[in-house]
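Below you'll find the structure, written out as structure tokens, and then a few comments.
Every chain is numbered from 1 and lettered A, B, ... according to where its sequence line falls, protein lines coming before strand lines. Side chains included, hydrogens not; waters and symmetry mates left out as well; all remaining heavy atoms used.
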Number of protein chains: 2
Amino acid sequence: MNGVDAKHRLSVPASLRETIEARSQTRELVLGPDEHAPCLIGYDVTYFDRLEARLEEEFAADFGPGRSLKARSVFGATEHLKYDETGRIILSPLMREMGEIGAHVVFIGVGHHFELWSPEQFLAQPGQDPRVLKLVKALIAGRAQ
Amino acid sequence: MNGVDAKHRLSVPASLRETIEARSQTRELVLGPDEHAPCLIGYDVTYFDRLEARLEEEFAADFGPGRSLKARSVFGATEHLKYDETGRIILSPLMREMGEIGAHVVFIGVGHHFELWSPEQFLAQPGQDPRVLKLVKALIAGRAQ
DNA sequence: GGAACGACCATAAAATCCCATTGAATACCC
DNA sequence: GGGTATTCAATGGGATTTTATGGTCGTTCC
């Protein structure tokens with residue numbers, strides 16, 4: 001669990017940075033809303049580019065309204081973020097709103113992408129692994145002191 | 001959300017300028033009406049060229065009324081705009097009219113293109129992410145003071 | 001003349017960089 | 001093994017730069 005400071009800066013965990021750099025050869029990541037849960041979803045730029053290409057292909061000859069709607073819902077609220085030498089990104093108001101992000105954030109690695117949760121939202125989510133829940137609870141308790 | 005001043009100047013967000021310049025090596029963008037939504041749609045010039053080529057392909061040897069109708073609806077009222085050192089474009093009366101643009105504008109990046117909305121029109125559009133809506137509402141409220 | 005437009009300069013706020021500190025995990029050595 | 005250096009991740013805070021935007025001053029074209 002990492003903190004979000006008064007300047008809305010957030011340290012991306014070093015381990016995550018490592019995999020991002022290995023995959024994309026950049027210090028960038030793409031962040032956007034998750035479609036189904038109150039959290040943010042992030043990936044390296046190569047994965048984003050593949051999504052983009054797929055959509056482009058799918059709607060190749062389609063200048064119609066379907067394209068516009070779909071594209072907007074998929075990409076409309078994503079941001080490309082570079083992190084600096086110390087590994088920090090800045091969370092925009094939009095991201096903070098969509099992820100319901102407060103003073104702390106939980107990073108959850110999920111295979112090819114990762115999720116960003118407010119600890120409270122994470123705990124409130126039904127069907128979580130009790131072991132993970134226990135860990136997050138412990139982390140929150142630690143911060144509370 | 002960026003403001004449109006009394007001279008109808010509008011700052012293009014720096015992040016968008018960056019991708020435009022990376023893709024097209026120019027400080028230009030193409031702006032036109034969206035076919036199906038009350039907003040403007042913008043591209044870098046290379047994407048515009050690709051759209052043109054795609055249309056050319058689709059209608060190959062067909063010079064009938066369908067082609068010109070489509071061409072008109074896609075390219076009919078577009079403008080090539082250069083932005084200056086400070087990143088501002090000037091919105092013509094036509095653009096302001098077609099996009100129903102008033103004192104403020106919402107930029108939405110959508111993969112290879114972007115959209116320009118009047119905040120009010122954006123809110124009125126069905127199927128939007130409620131979290132984005134909430135933020136835009138807050139921005140409008142903030143500007144209203 | 002004067003309205004519209006463009007090239008500049010000015011400024012406040014926000015983003016970004018840079019250095020310092022904390023603190024935990026690891027390596028090292030006796 | 002116990003205690004102590006060392007490394008590096010995470011973070012705090014100030015300095016610096018960039019962004020968005022307001023304003024001024026010529027120019028051009030009716």
Quick one: [X] [atom1] to [N] [atom2], roughly how many Å, whole number?
{"X": "B:Glu18", "N": "D:dT17", "atom1": "CD", "atom2": "C1'", "result": "15 Å"}
{"X": "A:Met1", "N": "D:dT11", "atom1": "CE", "atom2": "P", "result": "10 Å"}
{"X": "A:Asn2", "N": "D:dG12", "atom1": "CG", "atom2": "P", "result": "11 Å"}
{"X": "A:His8", "N": "D:dG13", "atom1": "NE2", "atom2": "P", "result": "15 Å"}
{"X": "B:Arg88", "N": "D:dT19", "atom1": "CZ", "atom2": "C1'", "result": "11 Å"}
{"X": "A:His104", "N": "D:dA10", "atom1": "NE2", "atom2": "P", "result": "15 Å"}
{"X": "B:Lys7", "N": "D:dC25", "atom1": "NZ", "atom2": "P", "result": "12 Å"}
{"X": "A:Ile90", "N": "D:dT19", "atom1": "CD1", "atom2": "C1'", "result": "13 Å"}

Inset, instruction - Indicate yes or no: does B:Glu18 engage A:Lys82 in a salt bridge with an N to O separation below 4.0 Å. - result: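 A:Lys82 and B:Glu18: salt-bridged.
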
Inset, instruction - Report the residues that fulfil side-chain hydrogen bond (donor to acceptor under 3.5 Å, both in side chains) with B:Arg131, sequence neighbours left out, ordered by chain and then residue number. - result: B:Asp129

Legend entry - Sidechain-backbone polar pair: A:Gln128 side chain, A:Phe122 backbone, donor-acceptor under 3.5 Å: yes

Legend entry - Short side-chain N/O contact from A:Ser11 to OP1 or OP2 of D:dT11, under 4.0 Å: yes

Legend entry - Phosphate contact (D:dA10 OP1 or OP2) by A:Arg17 side-chain N/O below 4.0 Å: yes

Legend entry - Nucleotide interval of DNA chain C bounded by contacts with chain A (heavy-atom cut-off, under 4.0 Å):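 Contacts span C:dA15 to C:dC18, reading 5' to 3'.
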
Could you pull out all residues at least two apart from [X] that satisfy side chain to side chain contact (heavy atoms under 4.5 Å, CB included)?
{"X": "B:Ser92", "value": "B:Glu79, B:Leu94, B:Met95"}
{"X": "A:Ala14", "value": "A:Arg17"}
{"X": "A:Thr19", "value": "A:Leu16"}

Legend entry - Most 5' of B:Ala14 and B:Arg9 on DNA chain D, judged by nearest nucleotide: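 Looking at DNA chain D, the more 5' nearest nucleotide goes with B:Ala14.
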
Legend entry - Any residue meeting ring-ring contact (aromatic ring centres under 6.0 Å, His included) with A:Phe75, in chain and number order, not counting sequence neighbours: A:Phe48

Inset, instruction - Determine the contact category for B:Val4: base if any of its heavy atoms lies under 4.0 Å from a base atom, sugar-phosphate if only primed atoms, P, OP1 or OP2 are that close, otherwise nothing. - result: nothing

